[in-house]
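Quick notes on the structure that follows.
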Amino acid sequence: MNQLIITETEIRQSNALTNARFEYSELQLDLFFFMLSRLRKTQESLVYQLNVKELSALTSKQYHLPYLLLATEGMMSRVFSTTTEKSIKQLSMFQRIEYLTGTGIIEFELTNHILPHLFHLKDNFTSFGLAAALRLTSKYAKRIYPLCSQWKDLGETKKYDIQDFKKTLGLLDAKGNEKLKLFKDFRVNVLDVSVKQINEHTELHVSYKLEKVGRSVKNIIFTVKSQALSETIPFDLVATTPTLPGVQQSHYDNAARVLDELRITDAKHRQTIMASAAHVAEVNRYNHDLKTGKVKPTRNAGGLLLVRLGLVTPKTAPPVA
């Protein structure tokens, strides 16, 4: 459902794709995340090309043509719905999908109306997060990860009705047919596996709480915290010319996100930091040290970063809004 979520500091729109009730296979989600990583707001064309060999190198999986064709055929037939007070809108994601013979290239032509939803979903990830999402092997972990990513700034997801949550994951259809009837099976094979993979391979640390009514589980809530990646992502998902020469695009994007998180909003400071490869590297290093406990958190973590960068002296470190 496409509703507005309002907090004291922001207004954001829930993504139709993140919350849609559908079941994508692991292969379809690999293709979807890889395509998502290629989106560019500055690109005028709706056509994006994906190199299957690049995807295989990122995931260490083999992708064979017959299975790819079945996967993209299913993706072509998917319809997403957004609901507002004024309308219910049904959207298709693709105008066409084409395999360029002998090249290993799949060409996706998107629709205009789906683009805002895709960009919103991408904005909920860091570049590292997109890379990590491809490393998740459970299709349920691949769905739960973006759901949790939407709420990482608040520390906790909304309360999901357990039956609605199962429908979102494709485990319960409109007729009431359920794939995992015993809650124990759902908990062990879906929830616990997903939480374990997300915590091991992404920048999020998640857990969940269950609420019961009588003996039955009624609701589920995920707690979401940021963490340092437990493993280095040795590649850059973004195969474009970097914004800053000598700096991987993912590192640049992550540094900008860190400045946002630390509430460093002064335009002059931000411009100075983001124009320097050394400063960008130090921002990412500082963030890692902060998350791993090498730097003790302070009430003014943003001010401490500015001191480390040499942009202010300790006595004049400004309060961060």
Side-chain angles (χ1 to χ4, degrees), residues 7-12 36-43 119-133 146 148-155 202-205 224-321:
T7 72
E8 291 181 358
T9 57
E10 66 176 8
I11 300 177
R12 60 181 184 166
L36 196 66
S37 73
R38 293 298 194 246
L39 295 184
R40 293 292 174 273
K41 291 181 180 179
T42 55
Q43 178 172 315
F119 280 123
H120 177 79
L121 178 57
K122 182 178 180 180
D123 288 343
N124 277 317
F125 287 98
T126 65
S127 295
F128 288 127
L130 282 167
C148 289
S149 291
Q150 282 191 302
W151 301 86
K152 61 189 175 187
D153 52 337
L154 300 180
T202 80
E203 85 292 1
L204 298 183
H205 186 279
V224 188
K225 298 179 181 179
S226 296
Q227 66 173 359
L229 287 168
S230 59
E231 56 189 303
T232 302
I233 303 296
F235 51 80
D236 181 13
L237 265 177
V238 184
T240 58
T241 303
T243 305
L244 186 63
V247 177
Q248 287 188 9
Q249 185 69 40
S250 60
H251 295 177
Y252 185 90
D253 293 342
N254 195 62
R257 178 183 62 81
V258 171
L259 296 184
D260 290 339
E261 289 182 353
L262 297 178
R263 299 181 182 179
I264 296 176
T265 58
D266 181 84
K268 184 177 180 180
H269 285 324
R270 289 182 69 101
Q271 184 177 2
T272 300
I273 294 168
M274 300 310 293
S276 164
H279 282 345
V280 168
E282 181 60 25
V283 169
N284 284 307
R285 188 179 302 111
Y286 175 78
N287 182 57
H288 180 270
D289 289 348
L290 199 61
K291 297 291 175 61
T292 56
K294 291 182 180 179
V295 171
K296 300 300 181 183
T298 68
R299 295 181 63 183
N300 190 3
L304 179 58
L305 174 60
L306 295 177
V307 170
R308 282 181 56 154
L309 293 173
L311 299 180
V312 298
T313 60
K315 291 184 178 181
T316 62
V320 180

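Heads up: numbering here begins at 1 and tracks the sequence.
Nearest heavy atoms, L305 versus V283: CD2-CG2, 4.1 Å. Of all heavy-atom pairs between A255 and V280, the closest is CB-CG1, 3.8 Å. Contact record, K41 with F119: CG-CE2, 3.5 Å, taken as the closest heavy-atom pair. Minimum interatomic distance between G303 and V312 (heavy atoms only, all atoms of both residues): O-CG2, 4.4 Å. Here the closest non-hydrogen pair linking H279 and I273 is CB-O, 3.3 Å. Of all heavy-atom pairs between I264 and R270, the closest is O-NH1, 2.9 Å.
Here the straight-line distance linking atom CD of E261 with atom CG of L259 works out to 9.5 Å at 0.5 Å rounding. A distance of 9.5 Å separates CG in L304 from CG in L262, rounded to the nearest 0.5 Å. To the nearest 0.5 Å, the span separating CG on L306 from CG on D266 amounts to 8.5 Å.
Panel note: side chain Y286, backbone A301; a donor-acceptor pair is recorded below 3.5 Å.
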